[in-house]
Amino acid sequence: MTPTALVTGGQQGIGRGIAEALDAAGWQVILAAEQPADAPAVQDALAAMPGASYHRHDLADVAAIPALLDAVGPVTTLVSNAGVPAMVRGELLDMTPESFDRCMAINLRGAFFLAQAVARGMLALPEAPYRSISFVTSVSAAMVSPDRAEYCISKAGAAMMAQAFAARLAGDGIGVYDIRPGIIETPMTAPVADRYETRIADGLVPARRWGRPNDVARAILPLVRGDFAFATGAVIPVDGGLSIHRL
């Protein structure tokens, strides 16, 4: 059986970096996102990965999950990457229910029920190739930013979600991992690039540079290959040392 990877949000940013690495390593790659198939980012990603396919899917619409999985077929590798930021960075005491609910609907609720459905399908597959679920959470699962607390809360929930799936699926030989990127150069961070440039230069990130999508891809590839199968449930920071506690 050819290993088949479903990468949510795989048309751009971290997801695309991961998708391209899996494509180069021999996976059949399926991209899923809420953008229309003719969106420039989608077309550019498909041009870079001619063997990949694309399916439009809104993570917030959990009722659409069965149709998505019927269309894509058996999945051996789920990379749960798609997510949204806070609608507005600002005063915690002014956060709106709309922004809170949007983060939870996509980053947490939608991600959970997609992973649940994929896991059910994985249980019916042979053990080879290796089956895995990787949740791309964030350093924000443990490092708070009060000006976007809804995002941090959603990622903290996603981190616990990864632990729950790891515990449930370990006995079935399905690996589950929590990948925590730091400050990565993507379309999501572009609006605050100037702010981060200064802080990174001042030492916020010990590595003193932005992360790149391929930094995350290089970290995730050995996990989905099964090289660290007995480390299921592991939390992998990919942040240039950002999350190291320092004085």
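Atom SG of residue Cys152 and atom CG of residue Asp147 lie 8.0 Å apart, to the nearest 0.5 angstrom. Rounding to the nearest 0.5 Å gives a distance of 4.5 Å between CG of Leu125 and CE of Met1. Of the inter-residue distances, the one linking Arg209 atom CZ with Ile200 atom CD1 reads 10.0 Å to the nearest 0.5 angstrom. In this structure, CG on Asp194 lies 14.0 Å from CZ on Arg199, to the nearest 0.5 angstrom. We find the NE2-CD1 distance between His55 and Ile30 to be 6.0 Å, quoted to the nearest 0.5 Å. Here the CD atom belonging to Gln28 is positioned 11.5 Å from the CG atom belonging to Leu22, to the nearest 0.5 angstrom.
Between Asp178 and Ala159, the closest heavy-atom pair is OD2-CB, 3.5 Å. Between Gly10 and Ala19 the shortest heavy-atom distance is O-CB, 4.1 Å. For Thr137 against Tyr151, the heavy-atom pair with the smallest separation is O-OH, 4.5 Å. Ala111 and Leu59 get closest at one heavy-atom pair: N-CD2, 4.3 Å. In terms of heavy-atom proximity, Ala141 sits nearest to Ala156 at O-CB, 3.5 Å. In plain terms, the two heavy atoms of Lys155 and Val136 that are nearest each other are NZ-O, 3.3 Å.
The shortest distance between side-chain heavy atoms of Gln116 and Ile65 does not fall below 4.5 Å. With a 4.5 Å cut-off on side-chain heavy atoms, Pro213 and Glu20 do not count as touching. Taking 4.5 Å as the limit, every side-chain heavy atom of Pro36 sits out of range of all side-chain heavy atoms of Val42. Residues Thr189 and Ile184 fail the side-chain proximity criterion, which asks for heavy atoms closer than 4.5 Å. Taking 4.5 Å as the limit, some side-chain heavy atom of Val224 sits within range of a side-chain heavy atom of Ser134. With a 4.5 Å cut-off on side-chain heavy atoms, Ile153 and Met104 count as touching. Inter-residue side-chain proximity for Leu6 and Leu69 is flagged as met; some heavy-atom pair is nearer than 4.5 Å. Side chains of Leu242 and Met143 form a contact here, defined as non-hydrogen atoms less than 4.5 Å apart.
Both Leu68 and Phe113 are assigned to one and the same hydrophobic cluster, defined by single-linkage of ILVMFWY side chains at heavy-atom distances under 4.5 Å. In the hydrophobic clustering of ILVMFWY residues, with side-chain heavy atoms under 4.5 Å counting as a link, Val118 and Val7 come out apart. The hydrophobic cluster containing Val62 also contains Leu78, counting ILVMFWY residues as joined when their side-chain heavy atoms lie under 4.5 angstrom apart, directly or transitively. There is a path of hydrophobic side-chain contacts, each under 4.5 Å, that joins Ile183 to Val192. By the rule that hydrophobic residues join a cluster once side-chain heavy atoms approach within less than 4.5 Å of another member, Val72 and Leu123 end up as members of one cluster.
At least one donor-acceptor pair under 3.5 Å links the side chain of Arg208 to the backbone N or O of Ala201. Formation of a donor-acceptor pair under 3.5 Å by the Gln35 side chain with backbone atoms of Arg56 is not found in this model. In this structure, the side chain of Arg180 does not engage the main chain of Ile236 through any donor-acceptor pair within 3.5 Å. At least one donor-acceptor pair closer than 3.5 Å links the side chain of Tyr54 to the backbone N or O of Ala33. With Asn107 contributing its side chain and Val84 its backbone, the two residues share a donor-acceptor pair below 3.5 Å. Under a 3.5 Å cut-off, the side chain of Thr4 and the backbone N or O of Thr76 do not form any donor-acceptor pair. No donor-acceptor pair closer than 3.5 Å links the side chain of Thr186 to the backbone N or O of Gly13.
In this structure, Trp210 and Tyr196 have perpendicular ring planes: the angle between them is above 60°, well past the 30° mark.
Contact check on Arg102 versus Glu98 returns no salt bridge, with no Lys/Arg side-chain nitrogen under 4.0 Å from an Asp/Glu carboxylate oxygen.
Counting non-hydrogen atoms of neighbouring residues, nucleotides and ligands closer than 6.0 angstrom, the CZ atom of Arg225 exceeds 12 such neighbours.
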Run the side chain to side chain contact (heavy atoms under 4.5 Å, CB included) test on Met122 and Leu169 for me, step by step, so that the C-alpha distance in whole Å, both residues' side-chain angles and the decisive distance to 0.1 Å come before the verdict. CA-CA 10 Å; Met122 285 181 175; Leu169 299 173; 5.9 Å; no
Applying side chain to side chain contact (heavy atoms under 4.5 Å, CB included) to Arg16 and Asp44, what does each step give before you reach the verdict? CA-CA 10 Å; Arg16 177 167 170 179; Asp44 190 51; 2.6 Å; yes
For Met161 and Ser80: C-alpha separation, side-chain torsions, deciding distance, then whether side chain to side chain contact (heavy atoms under 4.5 Å, CB included) applies. CA-CA 11 Å; Met161 175 170 61; Ser80 182; 5.5 Å; no
Run the side chain to side chain contact (heavy atoms under 4.5 Å, CB included) check on Tyr177 and Ile220 step by step: do they pass? CA-CA 9 Å; Tyr177 306 97; Ile220 206 171; over 6 Å; no
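Thr232 pairs in a side-chain contact (heavy atoms from CB on, under 4.5 Å) with only one of the listed residues (Val176, Ile174, Leu223), which is Val176. With Ile18 as reference, Val216 is the one residue of Val29, Asn214, Val216 to meet the side-chain contact (heavy atoms from CB on, under 4.5 Å) rule.
One side chain, Glu150 or Ser99, offers a donor N or O that lies under 3.5 Å from an acceptor on the other.
The ring of Phe135 has its center closer than 6.0 angstrom to the ring center of Phe165.
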